[in-house]
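Everything below concerns the one structure shown next.
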Amino acid sequence: MKNFLKKNKYFIRRLFALLLILFIFIFIYRIIRGNRNNDYKTIFPTLTTYEKDINTKIFNLYDDKVYFSKGEGIVVFNASEGQKVPLGYEVAYLNLMGDVSSFKDELNKIDAAIKLKKGIKPNDDEKSNKFSNDIQDLVKDKKYEKIYYDINSMDSSGVQNFNKQELEEYTELSLETLESKKNELEENISKYNYSYLSEFSGVVTYKIDGNEEYFKIDDLDKFTYDYLNINFTFSNLEMETKVKEGDPLFKLINNLRWNLACTIDNSKDIKDYKVGDLVKIQIEDMKDIYGSIAQINKNEKNAVIIVSLDRYFEEMYSNRIHKGKIIVERTKGYEIPKSTLITRDNMTGVFVQEIKGLVKFVPVEIVKEYKDTVFINRGNKQSVIMIGDKSYKTVTVNDALVINPKTVDESRILN
């Protein structure tokens, strides 16, 4: 009996020792495992801005007019590139280099005959005005051929240069006939000298692309997607002083009335847009442009938005076409690696590291996917997002996200 008890005590002591060793082993194993789980590779979310946009090709539409040379000659320009000029401003003057000496000689004789018949003495002071009407009246009446007359080359004291015999054929005519002949000669002389006056207040440019008639603002209905994707050939004409008949000289643009035509490849992208809506357009190397929708021309596949502007003319007028984006939405949120994502209980989320190697599953809402990263909703001020009908606390900028969630043991997940 004593031997049996002695053997059992020995067995119990050995069993107790084994259990103690096993407990110590498990304890040490948990410490090591816990320390190892504390070493998860983590990354913090990057706060950034997501832009939802639509790529577009932008065409300038103008209320403009191109002025052409009326013959071969030398042109002198009186306005610089981009200069704003008022109505009636002489932008250019064209000298056709023709021989008008016979016209001028006869006109001098007629002037002298008129003065003689009116009893004007050669030494009388008289202001010679060779314009048949006030310049503004001529502009209003569009009698541009009579605007410029080369009076500086005429002899204003014609009476003393001709004797009575030379003027006899003219002095026999009535004053009315002489005045009529004078007007006719002035018109003939003016055909060799043209003054180009602005027919409206606008901006002068010498950048003429040769397609001005195709991009008039008058008929907005014609600016369809197919129309704007015609293979237009654009010229880059240089300003020349020696010109031939029909050469373009300059263009005058009404900078207070102009539009943009923006092509849209997929008409579904603008299904929520309507006339009157404010749109934001982004063009490289320019500030964001804001305008209102004046018209929408679309079919089942594609569309064109006509945008009305009252600013940005100086930055845009020199090029007919621009590449840009229509900014639909700008949202602040977080960009995180795709590798951090894990699906748990049919919900996409990430593991956020807590203390002592523990992690917590946090749901996320993916807004946009990229090649290696995703853009997620940062939620409201309390970092709360809605998934379905329920609200969830999502990640914050200070959360350490486990880069490889597969390394997390189920026992280390708090929720």
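Tyr196 contributes atom OH, which lies 14.0 Å from atom CG of Leu252 (distance to the nearest 0.5 angstrom). The structure places CD1 of Ile114 at 8.5 Å from CG of Leu107, a figure rounded to the nearest 0.5 Å. The distance from the CZ atom of Arg378 to the CD atom of Glu365 is 13.5 Å, given to the nearest 0.5 Å. Here the straight-line distance linking atom CG of Asn211 with atom CZ of Arg320 works out to 7.0 Å at 0.5 Å rounding. Here the straight-line distance linking atom CD1 of Ile336 with atom OG1 of Thr46 works out to 9.5 Å at 0.5 Å rounding. The distance from the CG atom of Leu197 to the OH atom of Tyr89 is 11.0 Å, given to the nearest 0.5 Å.
In this structure the side chain of Ile413 reaches within 4.5 angstrom of the side chain of Phe351, judged on heavy atoms. For the pair Lys57/Ile321, a side-chain contact is recorded, criterion being any heavy-atom separation below 4.5 Å from C-beta on. Considering only heavy atoms from C-beta on, Lys338 stays 4.5 Å or farther from Lys371 through its side chain. Between Thr48 and Phe375, some side-chain heavy-atom pair lies under the 4.5 Å cut-off. No side-chain heavy atom of Tyr93 sits less than 4.5 Å from a side-chain heavy atom of Val75. Contact of the Val352 side chain with the Val359 side chain is not registered, since no non-hydrogen atoms from C-beta on lie closer than 4.5 Å. Between Asn60 and Phe215 there is no side-chain heavy-atom pair separated by less than 4.5 Å. With a 4.5 Å cut-off on side-chain heavy atoms, Thr331 and Thr49 do not count as touching.
When only modelled atom types and interatomic distance are considered, Ser180 and Thr177 share no side-chain donor-acceptor pair under 3.5 Å. No hydrogens or angles considered: nothing links the side chains of Glu300 and Ser267 as a donor-acceptor pair under 3.5 Å. A donor-acceptor pair shorter than 3.5 Å can be found between the side chains of Ser411 and Asp409. Judged purely by distance below 3.5 Å, without hydrogens or angles, the side chains of Thr373 and Glu335 pair a donor atom with an acceptor atom. Residues Gln353 and Thr42 bring no donor and acceptor atom of their side chains to less than 3.5 Å of each other. Remark: the Asn229 side chain and the Tyr227 side chain contain no N/O donor-acceptor pair separated by less than 3.5 Å. Between the side chains of Gln295 and Asn297, at least one donor N or O lies within less than 3.5 Å of an accepting N or O.
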Q: Just do the side chain to side chain contact (heavy atoms under 4.5 Å, CB included) check on Leu94 and Ser69 with the steps written out, would you?
A: CA-CA 8 Å; Leu94 175 64; Ser69 173; 3.5 Å; yes
Q: Go through the steps for Asn259 and Leu309 under the test side chain to side chain contact (heavy atoms under 4.5 Å, CB included), then give the verdict.
A: CA-CA 6 Å; Asn259 293 65; Leu309 301 176; over 6 Å; no
Q: Kindly indicate, with the supporting measurements, whether the criterion side chain to side chain contact (heavy atoms under 4.5 Å, CB included) is fulfilled by Tyr334 and Val397.
A: CA-CA 8 Å; Tyr334 301 121; Val397 73; 3.9 Å; yes
Q: Please report the C-alpha distance between Val364 and Thr348 in whole Å, then the side-chain angles of each, then the deciding distance to 0.1 Å, and finally whether the side chain to side chain contact (heavy atoms under 4.5 Å, CB included) criterion is met.
A: CA-CA 6 Å; Val364 298; Thr348 301; 4.2 Å; yes
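Formation of a donor-acceptor pair under 3.5 Å by the Gln83 side chain with backbone atoms of Glu81 is not found in this model. In this structure, Asn377 contributes its side chain and Gly379 its backbone to a donor-acceptor pair below 3.5 Å. Side chain of Ser198 to backbone of Gly88: a donor-acceptor contact under 3.5 angstrom is found. The closest donor-acceptor contact from the side chain of Glu369 to the backbone of Ile366 lies at 3.5 Å or more, if one exists at all. Judged purely by atom type and a 3.5 angstrom limit, Ser308 has no side-chain atom pairing as donor or acceptor with the backbone of Ser292.
Ion pair Glu245/Lys70 not flagged as a salt bridge, since none of the NZ, NE, NH1 or NH2 atoms sits closer than 4.0 Å to an Asp/Glu carboxylate oxygen. A salt bridge does not link Asp265 with Lys301: none of the charged nitrogens is closer than 4.0 Å to a carboxylate oxygen. Under the 4.0 Å criterion applied to side-chain N and carboxylate O atoms, Asp111 and Lys182 are assigned as salt-bridge partners. In summary, Glu284 and Lys323 do not engage in a salt bridge, as defined by a charged side-chain N under 4.0 Å from a carboxylate O. In summary, Arg344 and Glu410 engage in a salt bridge, as defined by a charged side-chain N under 4.0 Å from a carboxylate O.
Environment of NZ in Lys251: crowded, with over 12 heavy atoms of neighbouring residues, nucleotides or ligands closer than 6.0 Å. The 12-atom threshold is exceeded at OH of Tyr50, counting heavy atoms of other residues, nucleotides or ligands nearer than 6.0 Å. Within 6.0 Å of the NZ atom in Lys181, the count of heavy atoms belonging to other residues, nucleotides or ligands does not exceed 12. The local environment of NZ in Lys52 is sparse, with at most 12 non-hydrogen atoms from other residues, nucleotides or ligands closer than 6.0 Å. More than 12 non-hydrogen atoms from other residues, nucleotides or ligands lie less than 6.0 angstrom from NZ of Lys393. Around NZ of Lys268, the count of heavy atoms belonging to other residues, nucleotides or ligands within 6.0 Å does not exceed 12. Environment of NZ in Lys360: sparse, with no more than 12 heavy atoms of neighbouring residues, nucleotides or ligands closer than 6.0 Å.
A pairwise comparison of heavy atoms in Thr56 and Thr263 identifies OG1-O, 2.8 Å as the closest pair. Between Cys262 and Ile326, the shortest heavy-atom contact is CB-CD1, 4.3 Å. Nearest approach of Pro248 to Val66, heavy atoms of both residues: CB-CG1, 4.1 Å. The minimum heavy-atom distance linking Arg311 with Tyr290 is given by the pair NH2-CB, 4.2 Å. Shortest non-hydrogen contact noted between Asn254 and Phe200 is N-CE1, 3.7 Å. The two residues Phe44 and Asp399 have their closest heavy-atom pair at CD2-O, 3.2 Å.
Taking the centre of each ring, Phe232 and Tyr214 come in below the 6.0 Å mark. Ring centroids of Tyr206 and Phe77 are separated by less than 6.0 Å, placing the two rings close together.
Shown here are the ring-ring contact (aromatic ring centres under 6.0 Å, His included) partners of Tyr225, two or more places apart in sequence or in another chain: there are none. With sequence neighbours excluded, no residue forms a side-chain hydrogen bond (donor to acceptor under 3.5 Å, both in side chains) with Asn380.
None of Ile305, Ile306, Ile283, Ile281 except one satisfies the side chain to side chain contact (heavy atoms under 4.5 Å, CB included) rule with Leu260; the exception is Ile281.
Identified under the ring pair (Phe, Tyr, Trp, His ring centres under 6.0 Å) test for residues 241-278, with sequence neighbours left out: Tyr67-Phe250, Trp258-Phe313.
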